Amino acid sequence: MSNKAVITCALNGVLTDPRQHHVPVTPGEMVREAKAAFDAGASVMHIHLRQQEPGKGHLPSWEVSVSREIQQAIREACPGVIINHTTGTSGPNYQGALACVRETRPEMAACNAGSLNYLKVKADNSWAWPPMMFDNSVEKVQDYLDVMKEAGTIPEFECFDVGIVRCVGMYRQTGMYSGPLEYNFVMGVASGMPADPELLPILLKLKAPEAHWQVTAIGRAEIWPLHQRCADLGGHLRTGLEDTFYLADGTKVTSNGQLIAAIAACARRAGREIASPAEAREIFRIVR
């Protein structure tokens, strides 16, 4: 297995408000941020879609036309780039997410592998938002896997807790999925796995031995030791304005490029080279 580190940039996410933070919304803004990340070493762009009407950029969108326009613009600006499309939805209506994957056929897409009570408590001991369930039943996971297989899209299994990591193995064991495994350990959600570097060796014992893996570290300056530990242990790397706004020294960034440059430095400190887009395609066995 290649020792090169593939870097993913999570360009914008769904919870960040462009009225408060420098997150891209329009195709032009997405291209600007993707190009900055690409130039800093990212080969994979994880994209979320926002509503494009004025004043609506803080709201999610599942318009296939928006997805197609953003993907095309990013591909033109970043030759060979790999698109990793979001699919995360709560509730029973996720047909828009399925349609985006089916119609645009991204190389990769998130497959949220289990459910989580998505919670956070503020300093005054009140809920940061109304308690919600991020529901990903087995039936919902199967629907996503079926569409990804139809589209030729590789699923990236998003694991928010230790038990969800174990579920991924069960999906293969029962025949729900038979392709290559890509784990994304999401760490730092208040009601999920903590952003603790000491947890990584345990997670690596629980994943399929041959599977690729990376860490999504959510938080502030405290997440950077986790990124370094991920690089040291041979994982692929991800950061971006979806996950954080802060560098290790506490500096607040204004662009994805700053975050990607910092995470590339983690790889180099671990003695690893950064994978080019062509090398990333070979590592993930992307054939188109």
Side-chain angles (χ1 to χ4, degrees), residues 8 10 13-15 46-49 60 62 64 67 83-120 129-194 199-200 202-216 218 236 238 242 284-285:
T8 295
V14 70
L15 297 176
H46 177 64
I47 64 169
H48 285 251
L49 311 176
W62 294 107
V64 171
S67 176
I83 298 295
N84 180 324
H85 205 293
T86 183
T87 62
T89 56
S90 295
N93 183 13
Y94 49 95
Q95 294 305 309
L98 294 176
C100 282
V101 174
R102 183 186 297 111
E103 298 298 325
T104 70
R105 302 178 65 242
E107 291 91 345
M108 304 178 76
C111 183
N112 295 286
S115 299
L116 182 77
N117 282 316
Y118 205 88
L119 311 174
K120 185 175 181 180
W129 53 73
M132 61 172 286
M133 168 65 77
F134 185 29
D135 58 309
N136 295 287
S137 67
V138 171
E139 293 78 13
K140 188 175 183 178
V141 171
Q142 185 69 75
D143 286 343
Y144 281 125
L145 291 174
D146 289 345
V147 166
M148 290 179 198
K149 182 177 181 179
E150 174 189 339
T153 296
I154 296 173
E156 179 186 84
F157 289 96
E158 315 295 318
C159 301
F160 296 83
D161 218 337
V162 174
I164 298 177
V165 177
R166 302 177 75 188
C167 288
V168 174
M170 297 181 200
Y171 299 152
R172 171 176 275 182
Q173 186 177 358
T174 58
M176 286 177 59
Y177 178 71
S178 59
L181 289 177
E182 315 284 342
Y183 290 80
N184 181 23
F185 303 137
V186 183
M187 305 173 73
V189 174
S191 52
M193 291 188 288
L199 186 55
L200 279 182
I202 297 172
L203 299 177
L204 296 183
K205 290 180 182 179
L206 298 176
K207 77 172 186 67
E210 78 285 2
H212 296 292
W213 64 280
Q214 70 174 15
V215 167
T216 290
I218 298 172
H236 298 299
R238 163 180 152 155
E242 175 175 5
F284 292 140
R285 290 182 282 174

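The figures here come from the full heavy-atom set of this structure, side chains too, leaving out hydrogens, waters and symmetry mates. Only a predicted model underlies this, so the values are computations on that prediction, with no experimental measurement involved. Positions are given from 1, in the same order as the sequence printed here.
- Q142 contributes atom CD, which lies 9.5 Å from atom NZ of K149 (distance to the nearest 0.5 angstrom).
- The distance from the CE atom of M132 to the CG atom of L116 is 9.0 Å, given to the nearest 0.5 Å.
- Residues satisfying the side chain to side chain donor-acceptor pair (under 3.5 Å) criterion with E182, sequence neighbours excluded, are absent altogether.
- Between L145 and F157 the shortest side-chain heavy-atom distance falls below 4.5 Å.
- Pairs engaging residues 86-118 under the ring-ring contact (aromatic ring centres under 6.0 Å, His included) rule: Y94-Y144, Y118-W129 [sequence neighbours left out].
- To the nearest 0.5 Å, the span separating OG1 on T89 from CH2 on W62 amounts to 6.0 Å.
- Residues passing the ring-ring contact (aromatic ring centres under 6.0 Å, His included) test with H46 are H48, sequence neighbours excluded.
- Annotation: side chain of E156 is in contact with side chain of N84 (closest heavy-atom distance under 4.5 Å).
- Put simply, the side chain of I47 does not reach to within 4.5 Å of the side chain of T86, judged on heavy atoms.
- Residues passing the side chain to side chain contact (heavy atoms under 4.5 Å, CB included) test with T104, sequence neighbours excluded: V64, S67, R68, Q71, H85, P106.
- Atom SG of residue C111 and atom CD1 of residue I154 lie 13.0 Å apart, to the nearest 0.5 angstrom.
- Heavy atoms only, all atoms of each residue included: I164 and C159 are closest at CG2-CA, 3.8 Å.
- Separating the CE atom in M193 from the CZ atom in F160 is a distance of 9.0 Å, to the nearest 0.5 Å.
- Remark: D135 engages S90, S115, M133, K140 in a side chain to side chain contact (heavy atoms under 4.5 Å, CB included) (not counting sequence neighbours).
- A donor-acceptor contact shorter than 3.5 Å is absent between the side chain of R238 and the backbone of V215.
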Taking only distance into account, with no hydrogens and no angle test, what donor-acceptor pairs under 3.5 Å do side-chain atoms of residues 169-177 form with protein atoms, sequence neighbours excluded?
unit_1	atom_1	unit_2	atom_2	d
Y171	OH	A113	O	2.5
R172	NH1	E210	OE2	2.5
R172	NH2	G179	O	2.7
T174	OG1	M170	O	2.9
T174	OG1	Y171	O	3.4
Y177	OH	P180	O	2.6

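- For R166, the side chain to side chain contact (heavy atoms under 4.5 Å, CB included) criterion is met by L206, not counting sequence neighbours.
- For F284 and H236, the ring centers sit closer than 6.0 Å to each other.
- Listed by first and then second residue, the salt bridge (charged side-chain N to carboxylate O under 4.0 Å, His left out) pairs that reach into residues 106-119 are R75-E107, E107-R281, sequence neighbours excluded.
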* Chi angles and distances behind the side chain to side chain contact (heavy atoms under 4.5 Å, CB included) call for V162, V165 -> CA-CA 5 Å; V162 174; V165 177; 5.5 Å; no

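- Of all heavy-atom pairs spanning C100 and L49, the tightest one is SG-CD1, 3.9 Å.
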Distance-only check: which donor-acceptor pairs under 3.5 Å involve side-chain atoms of residues 184-192, not counting sequence neighbours?
unit_1	atom_1	unit_2	atom_2	d
N184	OD1	Q214	NE2	3.4
N184	OD1	T216	N	3.3
N184	OD1	T216	OG1	3.0
N184	ND2	E158	OE1	2.4
N184	ND2	T216	OG1	3.0
S191	OG	N117	O	2.5
S191	OG	L119	N	3.1

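- Evaluation of the salt bridge (charged side-chain N to carboxylate O under 4.0 Å, His left out) rule for E150 yields R102 as partners, not counting sequence neighbours.
- Between the CG atom in L98 and the CG atom in D146 there is a gap of 9.5 Å [rounded to 0.5 Å].
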